[in-house]
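Only heavy atoms go into these numbers, but all of them, side chains included; no hydrogens, no water, no symmetry mates.
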Amino acid sequence: ETKLTIENCVFRQRIDSDPKNRDDDGPYILLHNNSVVAYGGLMYNYNAPYADVYMHVVDGNRQQGFGGLFVQELKRLAYEQNKVPAARCHIKNSASRKTLEKAGFVVCGYLLVGDVSL
């Protein structure tokens, strides 16, 4: 369990009057000083009992801790729903990996792609 905090931040479910950048912004947002700094959600449509975390930190708000805080709150939400939080990122995406690790995720494997010769 992590206990990340940032002053003047609120994690909550999105409401219709909240601004959206795209249709797939997700049902949850992180506000800092009443501005959306991150958005995303949990995917439940496969891989039960896992809830896959997805998120995006709005440009201009990166490397300030918002991503780790947002992921932490999505994990908390997954546990409240009796789901196991899960996440993945590209092996070369060190920023995403560090964000996930800051929120308490640990690397548990790697997906290797290639051809198998018999």
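- When all heavy atoms of G65 and K102 are compared, the pair lying nearest together is CA-NZ, 3.7 Å.
- Minimum heavy-atom separation, Q72 to K3: OE1-N, 3.3 Å.
- The hydrophobic clustering, which links ILVMFWY residues whose side-chain heavy atoms are closer than 4.5 Å, places I6 and V57 together.
- Linking Ile, Leu, Val, Met, Phe, Trp and Tyr whenever their side-chain heavy atoms come within less than 4.5 Å puts M55 and L30 in one cluster.
- Interatomic distance, T99 OG1 to Q63 CD, rounded to the nearest 0.5 Å: 9.0 Å.
- Side-chain contact between D52 and Y46 is present, with at least one heavy-atom pair separated by less than 4.5 Å.
- Surrounding CG of D16 are at most 12 heavy atoms belonging to other residues, nucleotides or ligands under 6.0 Å away.
- Scanning all heavy atoms of the two residues, the minimum distance from L100 to A87 falls at CD2-CB, 3.6 Å.
- Around CD of E80, the count of heavy atoms belonging to other residues, nucleotides or ligands within 6.0 Å exceeds 12.
- For E73 and Y28, the side-chain atoms include no donor-acceptor pair closer than 3.5 Å.
- A pairwise comparison of heavy atoms in Q13 and D18 identifies O-OD2, 4.4 Å as the closest pair.
- Residues F105 and V53 share a closest heavy-atom pair of CZ-CG2, 4.1 Å.
- In this structure, the side chains of L69 and H32 stay at 4.5 Å or more apart for every pair of heavy atoms.
- With E101 as reference, V107 is the one residue of V71, V107, T2 to meet the side-chain contact (heavy atoms from CB on, under 4.5 Å) rule.
- Atom OH of Y110 has 12 or fewer heavy atoms from other residues, nucleotides or ligands within 6.0 Å.
- Across G41 and P27, no two heavy atoms sit closer than the pair CA-CD, 4.0 Å.
- Open room surrounds CG on N34; 12 or fewer heavy atoms of other groups in view lie less than 6.0 Å from it.
- Between the side chain of K83 and the main chain of Y44, no donor-acceptor pair closer than 3.5 Å is present.
- Atom OH of Y50 has 12 or fewer heavy atoms from other residues, nucleotides or ligands within 6.0 Å.
- Taking CZ from R88 and CG from N93, the interatomic distance works out to 13.5 Å, rounded to the nearest 0.5 Å.
- In the hydrophobic clustering of this structure, V36 does not group with F70; members are Ile, Leu, Val, Met, Phe, Trp, Tyr whose side-chain heavy atoms approach within less than 4.5 Å, directly or through other members.
- A 4.5 Å side-chain heavy-atom check between V37 and L31 finds every atom pair outside the cut-off.
- The shortest distance between side-chain heavy atoms of Y54 and L74 does not fall below 4.5 Å.
- Between the side chain of R97 and the main chain of C89, no donor-acceptor pair closer than 3.5 Å is present.
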